[in-house]
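Here is the structure we will look at.
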Number of protein chains: 2
Amino acid sequence: MTTLQRRTGIALWRQVADQIRQSVLSGMTANERLPAEAELANRFGVNRHTVRAAIAALEKEGTLRAEQGRGTFLNDRRRLQYPIGPRTRFSSGLKDQSQTRTGKLLSSRTIPAPPRVAEALELPKTAEVVELSTVSAADGDPISAATSWFDASRFAAIAEHYAETGSITASLARLGVDDYTRQTTAIEARHASSEDLDLLGLSPGAIVLLTRSVDVDSAGQPIQYGESRFAADRIELLIDNRAPAA
Amino acid sequence: MTTLQRRTGIALWRQVADQIRQSVLSGMTANERLPAEAELANRFGVNRHTVRAAIAALEKEGTLRAEQGRGTFLNDRRRLQYPIGPRTRFSSGLKDQSQTRTGKLLSSRTIPAPPRVAEALELPKTAEVVELSTVSAADGDPISAATSWFDASRFAAIAEHYAETGSITASLARLGVDDYTRQTTAIEARHASSEDLDLLGLSPGAIVLLTRSVDVDSAGQPIQYGESRFAADRIELLIDNRAPAA
DNA sequence: TATGGTTGTCTAGATAAATAGACAAATGAG
DNA sequence: CTCATTTGTCTATTTATCTAGACAACCATA
């Protein structure tokens, strides 16, 4: 039994909200009615007002809707699966699960390569790189915020291409990279920074999945190093070893 | 700039603790001194007592140590890399990064297969499965808590073998599975449940990486479905496509 | 239309978190 | 030893959060 804890720095109503999301909603289908506030209060051992605060938060984030006199209902919000493998690409990976994918360029600049970037791209420490900050969305919902780095001597114009196409794959194609594959992906989880809260439209305390990835061209030369933050409540990462690299 | 937020259900001292972990400690080396409490309070725009509460929490989780008159210092705690690929195994994956690995059996039982388990293992809905609850540790630090399911008709005795060996791979080998590979791994991130807080020795509000994985034998038959929770502040998941399956 | 069940709103009091200020205790350097 | 710097402890006040209870508003349906 998952007992709630006090004096932990996390308000009870927020713990209740997390519990409802995890244990109550997990066994429910879209548009199903939740137990009444009074029953939830009883089940979690808290006051009804605390449950109401939790429900208000879940309603604000779009998970639930409360209707006076009728009850509180689960909205339809499935978690997208984002595939990660040798041929990881944002747009094609979500193809089956969403109607529209957009990539928006927030900013770009050319800077001396930070140490971890130079290492990942196998560039000398003095090299310059192009840094892109982007936000990607599926069906209008922001899915990920990413920062990507490219060798400036080879991909100086990538920002302009990305601004036009909204796609890394398309931008690289214009610059002569007909194909590339994912070399490594490291995955961490953290609390979202306030900047990412804003970019991804999350509520405070939300979790992001952070991936750090290296892509290589067909010659095995690293061409992109990227750090992406995914809204953990909207997406899961899927590693499928069944489909071998084409 | 990462501004702290109020009325979010997350206490300020906890937000400060997260900020210190992320932005202050990230650029520091082991045993380095942190800025003084007064300076941190000034930097984050909160009272010194709030910073002290944050430091107390980080000290309790082992990240820092405070010494009266001298300052507060960063403890040595690197994040382990847990590789995920076609040949994912707990013990061998952490071999280079730790001295000892242990696997402890918490409980086991034979139950009718829950729907998602039956689906993953390609069993009929009426099938029975063995459910193992385990905790794995590296060098004494708990790394992951896992729940695993096996076809009861094929692996009835796996609990006993695991209790003896502390290893899934070794237990399966005793039951005639000489080799197996990882078929799929889905990754999510969540707040740790109070049970996992306990099992993994985490402080409230901590994040876990949740993996749901299917392993298949050499004939392609699913043999294990598992749900593992990793302490996100101690580990990162690494997908490396460079090493092809042997 | 009457009734039971549900969410919405209000008041009041108790507990936890945050701010403010003062001073003690330990450390290291001059 | 003296002094500036740092962490540790204490009191007091204000602001959030949580509990408790009552009742209104709305809905479905008998």
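Every chain is numbered from 1, with letters handed out A, B, ... down the list of sequences.
- Here the options are L237(A), T184(A), I187(A), the test is side chain to side chain contact (heavy atoms under 4.5 Å, CB included), and the partner is I239(B); only I187(A) passes.
- What separates CG of L64(B) from C1' of dT7(D) is a distance of 13 Å, to the nearest Å.
- Taking atom CD of E39(B) as the reference point, atom P of dT6(D) lies 9 Å away to the nearest angstrom.
- Between the P atom of dA17(C) and the CD1 atom of I10(A) lies a distance of 11 Å, rounded to the nearest Å.
- Side-chain contact check for Q19(B) versus H191(A): every heavy-atom pair is 4.5 Å or farther apart.
- When rounded to the nearest whole Å, the span between CZ of R14(A) and C1' of dA16(D) equals 14 Å.
- Considering only side-chain N and O atoms, T50(A) lies under 4.0 angstrom from the phosphate OP1 or OP2 of dT19(D).
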| task | Quick one, give me the B/S/- string for nucleotides 20-30 of chain D, reading 5' to 3', where B means a protein heavy atom under 4.0 Å from the base and S means that only happens at the primed atoms, P, OP1 or OP2. | result | BBB--BBSS--
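- Between Y82(A) and F230(A), the ring-plane angle classifies as tilted under the 30° and 60° cut-offs.
- At a threshold of 4.0 angstrom between heavy atoms, the contacts of R33(B) are confined to the sugar-phosphate backbone, with no base atom among them.
- Here the P atom of nucleotide dC10(D) and the CZ atom of R52(B) are 11 Å apart, to the nearest Å.
- Between the side chains of R229(A) and T147(A), at least one donor-acceptor pair of N or O atoms lies under 3.5 Å.
- Distance CG (L34(B)) to C1' (dT6(D)): 13 Å, rounded to an integer number of Å.
- A donor-acceptor contact closer than 3.5 angstrom links the side chains of E61(A) and T63(A).
- The CZ atom of R65(B) sits 15 Å away from the C1' atom of dT6(D) (whole-angstrom rounding).
- Mapping L12(A) and I55(B) onto DNA chain D by nearest heavy atom places I55(B) at the nucleotide closer to the 5' end.
- Contact annotation: T72(A) does not reach the phosphate of dT6(C) (side-chain N/O to OP1 or OP2, under 4.0 Å).
- Note: CG (N42(B)) to P (dT5(D)) measures 15 Å, nearest angstrom.
- Among the nucleotides dT17(D), dG8(D), dT7(C), the one closest to any side-chain atom of A36(A) is dT7(C).
- For the pair D233(A)/L202(A), a side-chain contact is recorded, criterion being any heavy-atom separation below 4.5 Å from C-beta on.
- The two residues E37(A) and I55(A) come nearest to each other via the heavy atoms CG-CD1, 3.9 Å.
- For E119(B), the CD atom sits in a loose shell: 12 or fewer heavy atoms of surrounding residues, nucleotides or ligands are nearer than 6.0 Å.
- The structure places OG of S148(B) at 10.0 Å from OH of Y225(B), a figure rounded to the nearest 0.5 Å.
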Do any N or O atoms of the protein come closer than 3.5 Å to N or O atoms of nucleotides 13-15 of chain D, and which pairs are they?
none

